[in-house]
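Notes follow once the structure below has been shown.
All values below were derived from every heavy atom in this structure, side-chain atoms included, with hydrogens, water molecules and symmetry-related copies excluded.
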Protein chains: 2
Amino acid sequence: MAIIFSRKCELGIQAVLYLASAEGRDIISSEEIANELKIPKEFISKILQELTASRIIASKKGKMGGFSLAKNPNKIHLLDIVLAIDGSDIFSKCVLGFPHCSSETPCPMHATWSQLIDETFKMLSEETIDNYKNKVLRKIESLK
Amino acid sequence: MAIIFSRKCELGIQAVLYLASAEGRDIISSEEIANELKIPKEFISKILQELTASRIIASKKGKMGGFSLAKNPNKIHLLDIVLAIDGSDIFSKCVLGFPHCSSETPCPMHATWSQLIDETFKMLSEETIDNYKNKVLRKIESLK
DNA sequence: TTTTAATCAGACAAAAACATCTGATTTATA
DNA sequence: TATAAATCAGATGTTTTTGTCTGATTAAAA
Ligand code: SF4
Ligand code: SF4
């Protein structure tokens, strides 16, 4: 179904980008996020809980409660979200599914793939969601 | 579980590489492949059937039956196997899971990701399993 | 102080992916 | 020709991922 990130991770990134794009408005409910992103409220709620536990976003309970970024958007990297939800497997595991890989016997695909995955890692760790704020709003608009 | 290819696809690639590395010996049984790659016979059999249906490998039924490459290994690209088993979704779908993407409103991640996925596509379509023949044997040896 | 609207925690359900089993068919060889 | 050893097709079972529900807790506002 998903390409490289799990569905939960895809939606986690979408949600954090939405929160970033809505900065200025203090707190956003899971219901609003669900409506805007056109995904089930219950599912995004679970994901928001995970992101809260990893302190990427912050939550406020009770009436008028909701979620907000836990820190300045130029301090939140896409990588943080990926690691929080999917972990680091994609950066370390063998692309061909061979177990216990040893660099003494690299398989033929290793060099090319590890270069690609390194570039992906670099991109995810350099890009902050700050860079995305405005552009993502246009994307979400187009969902309507 | 798997990084970017499904488990079936990972094992499909492993199996085709094994067949390539065993060229000269005419026909290889699913049991040998399963033993060498340390995976269940029943599972790899199903995958070998799929690869046979897509004419990447050829099968011979009956006693002394088994599988062999359907064409010269310099004519089989990694991409063929990926498309046969996983299809083309990874090359076309949105990395963030947004539906009905329109290039009129590209989201912020689009440029970087599409470059990475283009490079992956290029690599998979250029690499033939011929290039891998000998090296992969060392990899399989190391599983023992 | 009661009601309302939100998150939270954990159980539950459904769907997809992964893996196995069974029996039919095919073919080499004793 | 009978037996053995292989693929093939499709059903079945298991595990993981995805998605939903329920009830508890929290906090704002009537
Ligand atoms: S060397 Fe080969 S087997 Fe090892 S991780 Fe790289 S691709 Fe996988
Ligand atoms: S432009 Fe954005 S939403 Fe569209 S496919 Fe690319 S990453 Fe996905």
Between [options], spot the one nearest the side chain of [X], thanks.
| X | options | result |
| --- | --- | --- |
| Phe43(B) | dC18(C), dA11(C), dC8(C) | dC18(C) |
| Glu31(B) | dA6(D), dC18(C), dC8(D) | dA6(D) |
| Lys46(A) | dG10(C), dT18(D), dA11(D) | dG10(C) |
| Ser29(A) | dA6(C), dT7(D), dC18(C) | dA6(C) |

Can you find an N or O donor on one side and an acceptor on the other, under 3.5 Å apart, linking the side chain of Lys8(A) with the base of dG19(D)?
no

Could one point to a donor on the side chain of Lys41(A) or the base of dG19(D) with an acceptor on the other under 3.5 Å away?
no

Enter the distance from Met64(A):CE to Asp26(A):CG here, rounded to the nearest 0.5 Å.
12.5 Å

Same cluster or not: are Ile13(A) and Ile39(A) linked, directly or through other Ile, Leu, Val, Met, Phe, Trp or Tyr residues, by side-chain heavy atoms under 4.5 angstrom apart?
yes

Hey, quick one: are Phe43(A) and Ile33(A) part of the same hydrophobic cluster, counting side-chain heavy atoms closer than 4.5 Å, chains of contacts allowed?
yes

Without decimals, in angstroms, what is the distance between [X] [atom1] and [N] [atom2]?
| X | N | atom1 | atom2 | answer |
| --- | --- | --- | --- | --- |
| Leu48(A) | dA6(C) | CG | P | 14 Å |
| Leu19(B) | dT7(D) | CG | P | 11 Å |
| Leu51(A) | dA9(C) | CG | P | 14 Å |
| Glu42(A) | dT7(C) | CD | P | 11 Å |
| Ile27(B) | dA5(D) | CD1 | C1' | 13 Å |
| Phe67(A) | dA5(C) | CZ | C1' | 13 Å |
| Gln49(B) | dA24(C) | CD | C1' | 13 Å |
| Arg7(A) | dA14(C) | CZ | P | 20 Å |

Residue mapping more 5' on DNA chain D - nearest nucleotide basis, Thr52(B) or Phe5(A)
Thr52(B)

Counting primed atoms plus P, OP1 and OP2 as sugar-phosphate and everything else as base, spell out the protein contacts along nucleotides 25-30 of chain C at 4.0 Å heavy-atom distance: B, S or - for each nucleotide, 5' to 3'.
-BBB--

Enumerate the residue pairs fulfilling ring pair (Phe, Tyr, Trp, His ring centres under 6.0 Å) with a member in residues 47-96 of chain A, sequence neighbours excluded, ordered by first and then second residue.
Phe91(A)-Phe121(A)

Pick base, sugar-phosphate or nothing for Ser6(B), based on heavy-atom distances below 4.0 Å to the nucleic acid.
sugar-phosphate

Contact class for Ser30(B) (heavy atom, under 4.0 Å): base, sugar-phosphate, or nothing?
sugar-phosphate

Lys8(B): which residues meet the salt bridge (charged side-chain N to carboxylate O under 4.0 Å, His left out) condition with it, sequence neighbours left out?
Glu50(B)

Any donor-acceptor pair under 3.5 Å linking the side chain of Gln14(B) with the backbone of Leu96(A)?
yes

Which heavy atom of Val82(A) sits nearest a heavy atom of Cys9(A), and at what distance?
CA-SG, 3.7 Å

